[in-house]
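Read through the structure below, which is laid out as structure tokens, and then see the notes.
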Protein chains: 2
Amino acid sequence: MSRTVVSSATREVVIGFDRPFVMIGERINPTGRKLLAEEMKAGDFSRVEADARAQVEAGAHMLDINAGIPLADEPALLAKAVQLVQAITDVPLSIDSSIIEALEAGLGVYQGRPLVNSTTGEDEVMERVLPLVARYGAAVVAISNDETGISMDIDVRFEVAKRIVERAADHGIPSHDVVVDPLVMPIGALGTAGQDAFALIRRLRDELKVNTTCGASNVSFGLPNRHAVTGTFLSMAIGAGMTSAIMSPLHAEVKTAVMAADVLAGNDRDCAAWIRANRDPNAGAGEGGAREGRRRRR
Amino acid sequence: MSRTVVSSATREVVIGFDRPFVMIGERINPTGRKLLAEEMKAGDFSRVEADARAQVEAGAHMLDINAGIPLADEPALLAKAVQLVQAITDVPLSIDSSIIEALEAGLGVYQGRPLVNSTTGEDEVMERVLPLVARYGAAVVAISNDETGISMDIDVRFEVAKRIVERAADHGIPSHDVVVDPLVMPIGALGTAGQDAFALIRRLRDELKVNTTCGASNVSFGLPNRHAVTGTFLSMAIGAGMTSAIMSPLHAEVKTAVMAADVLAGNDRDCAAWIRANRDPNAGAGEGGAREGRRRRR
């Protein structure tokens, strides 16, 4: 039973097989958000703060923080964003960069035990990221691609994930602190993207016994009514055993799907969170309720 | 690859592992619908016809027809309902009764190849229902309980299903014409109802290689916002391999979850049905689309 424990100065979050799904807010990421990128580069973090508050209010258990802006001082920006967000929320953070100096700057100012997002299976990346993760006693996201790119063969992706877990162990990082991202492709471009992800998630859980995460909204890229596709993907991924995702809790249908999937996966005990979040006394009542509940009693 | 082929006089529907999920409309069932029961008993089938039209319009691929009204002439009512519904729609029907004479009356007037709903694993029931199914060359729903009731042990439920499949074979009914109902309990009463159903559906598919169905709305009985729970259950069940359900296509969130699950399970080729059903040109566009699609390219 793998448990990945992350924390802020005052709050602990556990990613685990028998735990409610962990929603990691995706919004604080300037990639493709031109206005946010310009503001951050100019030292204006008001939108970062607003996005942090909104996501936590919507139910995010953690927040991903990315400051990847071309031609900007990413280490300084990421450290600043981490500090500001930690000053106004108490959720643990995922420190997200492909630049080692930025990860180091973020880790340097972080209070608690963060998730480092990410290492790939590329030797050069692992040899830079894993020692840093070990030094700070953090947990790490492992993305299942290597020097050859993202394999379309899920057996290869599984082997890459396994290799990262083994390499992490060499650096003293236990497998329960490695959260594997199976890499979810857009279903509009690759019709097997869903089946591939679910099969890989199941193997990662059953064979490697690791927690999993992914950038969930990727799956619906290019499709109409995409939040419905993302929400359904998440519920099916939870059914396959996924334990966290980098996603937006701001879209009602996505969040509702995750909460309902927690109920159905048996991770929302006595449906308590569901009932609390859906308190409308009129919902679910009426003729239909009684009828449908009785339809199999003969 | 099991294919259960059902038909009306003019239309064929295939329930199968690599096929879009088959939605069997649940509405034409007087159990708990007092007004419908009174009307049917008095020979007024206008609501039956309206419910048939509405469900087909909402996307039902088949309709379940039940006429179980206490102290009424169920065989005559079921036969009449079957004839009327076949006169106004062309979807194949599921003829639903626990009374053998009613099943026989429905089969007698049916045009095409129906689904008979249902036999249990009780010897006495199998010995009455299976010969009838064989005689009419129909397909049959197999409910995985027997004389001892519904076991809470899914291994026992699997064995009951296996026994029905074997007994059907004795009567010349091939396993691809047996659609197993794993029996889905209300999650509000039994916290493992979801996990149990998913595990059983997976085994029924992988080991028995049969199609599956269930009364989907049962799972959310008693919960608030129950259609969201039912929809999420269906998407997770599709992820586990379920191929049909008796359900209501009239609730948008339930139908949307099924359609999105078909996309993600790889059964909606090129997302064609999804795109057709969600044609709003503004949906899914905008800044977020581009950003999220790019977030893993580094």
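Every chain is numbered from 1, with letters handed out A, B, ... down the list of sequences.
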Subject >> Side chain proximity check, A/Thr232 to B/Thr232, heavy atoms < 4.5 angstrom >> reply: no
Original post:
Among all residues two or more places apart in sequence or in another chain, which pass the side chain to side chain donor-acceptor pair (under 3.5 Å) test with A/Thr192?
Top reply: A/Asp196
Original post:
chain A: which of B/Asp268, B/Asn267, B/Leu264 shares the most heavy-atom pairs with it under 4.5 Å?
Top reply: B/Leu264
Original post:
Do any N or O atoms from the side chain of B/Trp274 and from the backbone of A/Leu223 form a donor-acceptor pair under 3.5 angstrom?
Top reply: no
Original post:
What residue in A/Gly194, A/Gly191, A/Ser235, A/Gly266 has the most heavy-atom pairs under 4.5 Å with chain B?
Top reply: A/Ser235
Original post:
Is it the backbone or the side chain of A/Arg202 that comes under 4.5 Å from a heavy atom of chain B, or both, or neither?
Top reply: side chain
Subject >> Residue among B/Ile238, B/Thr256, B/Val263 with most heavy-atom pairs under 4.5 Å to chain A >> reply: B/Val263
Original post:
Does any heavy atom of chain B fall under 4.5 Å from the side chain of A/Val184, the backbone, both, or neither of them?
Top reply: neither
**OP:** Considering only heavy atoms and a distance below 4.5 Å, find which of B/Thr120, B/Asp270, B/Asn145, B/Ile187 pairs most often with chain A.
**Re:** B/Ile187
Original post:
Do any pairs count as a ring-ring contact (aromatic ring centres under 6.0 Å, His included) and have a residue in residues 180-201 of chain A, sequence neighbours left out, and if so which ones?
Top reply: A/Phe198-A/Phe233
Original post:
Where on A/Ala193 is there a heavy atom nearer than 4.5 Å to chain B: the side chain, the backbone, both, or neither?
Top reply: neither
**OP:** Heavy-atom pairs under 4.5 Å with chain B are the metric here; pick the option from A/Ala265, A/Ala197, A/Ala240, A/Gly188 that has the most.
**Re:** A/Ala265
**OP:** Using a cut-off of under 4.5 Å on heavy-atom pairs, state which of B/Ala277, B/Gly231, B/Gly239, B/Ala260 scores highest against chain A.
**Re:** B/Ala260
Original post:
Taking A/Ala261, A/Ala257, A/Ala228 one by one, which has the highest count of heavy-atom pairs under 4.5 Å against chain B?
Top reply: A/Ala261
